[in-house]
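Below is one structure; the comments refer to it alone.
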Amino acid sequence: MTIRFAAIASLAATLALCCPPAGSAAAAAPPAAAAAAAAVPPASVPSAAGVSHGDMEPQVDPCIDFYRYACGGWMAHNPVPPDQRAWSRFGGLTDANRGKLRDILAADAADAADAADATAAGHADRASRDADQQKLGDFYATCMDEAGVEKRGVAALQPELERIAALRSVAELPVLLARLHRAGVSALFRFSSAQDAKDATSVIAVVDAGGLALPDRDYYLKTDAKSAEQRAEYLAHLQRMFELLGEAPARAAADAAAVLDVETTLAKASLDRVSRRDPFKVYHKVGRADLAALTPSFGWDGYLAAIESPPASTLNVAEPDFLKAVDGLLRPTGLANLQTYLRWQLLHAAAPWLPSAFVNENFAFFDKTLGGAQMLKPRWKRCVEATDGALGEALGREYVARWFDPEAKQRTLALVGEVEKAMGRDIADLDWMSGETKRRAEEKLAAIANKIGYPDAWRDYSRLAVVRGDLLGNVERGDAFELARRLAKIGKPVDRKEWLMTPPTVNAYYSPPMNDINIPAGILQPPFYDPGRDDAPNYGAIGAVIGHEMTHGFDDRGSQFDGHGNLADWWTPADEAEFKRRTACIADEYSAFPAAGDLHVNGRLTLGENTADNGGLRIAYQAYEASRTGKPRQTLDGFTPEQRFFLGFAQIWCSNTTPEAERQNVLTNPHSPGRYRVDGTVVNMPEFQQAFQCKAGAPMAPEKRCRAW
Ligand SMILES: [Zn+2]
C-alpha cells in the first residue's frame, strides 16, 4: 500500500539506484546489529582530504577500472546484509537516518501512551500535546505491537473480502473498486492527479495503467527460462497466499491461475518502461464522453463519486489501450475471475501488515526469490518505513529540527548557484548548438526552482485519523488520506512548494512539469556533503548530485519540456537531430555493459539517468575548477585536487548487489548499476584522463567519447 512514490515514478527523475518498486513490501535496510555501525564502518573513515583510503583498492589501475580502484575496499568490507537486496553508501546513510527516526518515534510512542493514560485520568493539559506527535507515536506503537497484530488475524480484512464476495454484477464494480483504490489497493488501474503536461499551470485527473503485482509487464511476457521459472514461483506464491486465507489447495491453485490470467491480460496491454519514458506516449487528454467510449462497461460516474474526485471534465488517460483491455475484462462471464483477482490484490497490499504467516510468505517471494534478500528486516525498520509512508512530513519535521543544520541549507544553495553558473557556461560553450536553442536552454536553466532540505510549508495531517491498535486500518487511512490530498489538487492552482520526497530521504529528484530540483536534508551528510572536509570531494559528491538533477531538465526526456514545465518543442530541427545523435551515443555505450548474468544494461531505459550522470559530473567539475581560481594548488594525501574530485564522486556509488536484485534492476530500474555510473561517466571526460594520466586508448580513456551536455 505504497502509493507515495507513484508520482515520482511517473513524473520525476530521481538520483539513487535504491528505490523499491511501488507496491512491494520491499524497501532497503540492513540487520539490526549493523544499524549503528553500517553508515560509517571503520574502512570508510575519510582522511582530511575527504578520500576514504580504506574504501579503495589501490593496486587496481584507475585507468583500467576506476570504480574498482575507488570502491574495491568498500566492496570487500561491506557485503550485502542478509535483510537487504543491495548495499551501498546510500543504503548505509539511509539506515543511519532510519535509526534516528526510530529514536524520534520511540519517544513519541512512549509519550503517546502516557498521554492516553493521562487523558483517561482527566489530565486535560496532557491531551493538548502536539497532535502530529501523538499520531506518529500511535502509528509506530501500533505497528510495533506484533502480538496485537497476530491476535487480530485477518479480521481487519474481512469486511472488504465480504464486499468483494458480494459483487453480483459488473455494474457494481466501480464503487467497490473506488473503495479499494482509496485503501491503497492498486487493482486494474491507478487513479490520481498530475500537472497537465501541456499546461503545467493546471492539475487534472489521471487514469493510468496499474494492477500488476510483479515488478513489470515483462515478468508476465518474457519467454526465457528464468522468466518462466519466476512465473512458476509466482503461481506457487499466489496459491500459498490463498491457502493462508483458508482456501483448500485445489481451489487455491485454481484461483492462482485465474489471477495470473487476469494480470497477464493487463500486462499485454501495458506499455513497456522504455515507451513510458516518452511523455507523448503517456499523454492522451480526453473528455468524459471519450473516457466512456473507451470503457463502455465501466460506470465512471459511480467510480468518480465514490472516490470523491472533484469534478473532472477532462482527464489524461495515460494508456488508452490499457484501459480498453480493462474494459475487455468486464464481462459477466469473467466476474468470478475478477473477484478472485480483487481478493488477491487486497491481500497482496495488506500482507506486510497482517500476521507473520502472511508477512513471511510475502517476503519469501517478493524480497527473497525476486530480490535476493536472505532474511526479513527487523520489525522496527518496517514500522519506521510505514510511519514515514503515512506521516512523512510530520516525522520529517522532527527529523529536521533535531538533525539538520540550517547552515547546510545555505551552503548547499550557494553550491547550487555555482553549479548553475557552470551549466550556463557549459551551454554557452557548446560547439554543436545554435544560438537560438542556446537562448531557450538558458531561459529554462534560469527558471529552475531550487528546493533544499525540507518544505517551506508542512503538510497538514489533521484529517488523518490514527487509531491505536488498528495497524491495517492506519495504513489504509494513510493511503486514503494521500489519495484525497492528490485528488483535491484537481482544478486548483499548482502548489509549487510541494515535495515528493520526505526530508530524511537519502535521494534527490528533478520534476519536469515543476522545473525544480529537490535535495532533501537526508542526503546533505557525509559521504555526500561534509563541510569539514576539503572542497574537492564535496564538489565531486554533492556537487555532482546537484549537477545530475539540473541536467535532468535537459536529458532526452526533460529536454522535451520548456522552462514553464510544458511539453513544448524549443529546439531547432538541426539542434534536435544533433542532440538525438549524441544521446544515442550514450544509449549505445551503456547498452554494451553486461549486468545480471546473461543480461545487459538497457541503454534506452537508463538514458535519462546516464545523461544526467554525465552532464552532472561535467558541470560539477567546471564549478570546482571555477571555485579554485586564485587558490594554491595543493596535493593532499598524495592526490591532486582533480583526483580528489573524481574519487569523491566515485565513492558515493560504492555498492554490492545480490544477483537477483541486479536482474530486477536491469529490467525495471532507470538507473544504471553503481559501477557503470562511475566508469560509464568518467570515460567520457578527457579531464579524468588528464587527472590520472591515463594513456590514450586505456579502458577509462577511450578514443570514442559520448557527450550531450
Ligand atoms: Zn536522476
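These numbers were taken from a predicted model, which means no experiment stands behind them. Every number for a ligand or one of its atoms is a count from 1 in the order of the listing.
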Can you name the salt bridge (Lys or Arg N to Asp or Glu O under 4.0 Å) partners of Glu393, sequence neighbours left out?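 Per chain and number, Glu393 pairs via salt bridge (Lys or Arg N to Asp or Glu O under 4.0 Å) with Arg459.
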
Atom of Glu609 nearest the Zn ion (ligand 1) (restricted to N/O/S, atom name only):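 The Zn ion (ligand 1) is closest to the Glu609 atom OE1, counting only N, O or S.
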
Starting from the Zn ion (ligand 1), look over the N/O/S atoms of His552 and name the nearest one.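 When I compare the N, O and S atoms of His552, NE2 is nearest to the Zn ion (ligand 1).
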
Mind checking whether Phe645 and Tyr624 have parallel, tilted or perpendicular rings, split at 30° and 60°? parallel

ring-ring contact (aromatic ring centres under 6.0 Å, His included) involving Trp458 - partner list, sequence neighbours excluded: Tyr454

With a cut-off of 2.8 Å, does Thr14 place any N/O/S atom under that distance from the Zn ion (ligand 1)? yes

Given the ring of Trp653, does Arg677 sit roughly above its face, with NZ or CZ under 6.0 Å from the centre of the six-membered ring and within 45° of the axis?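 Yes, Arg677 and Trp653 form such a contact.
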
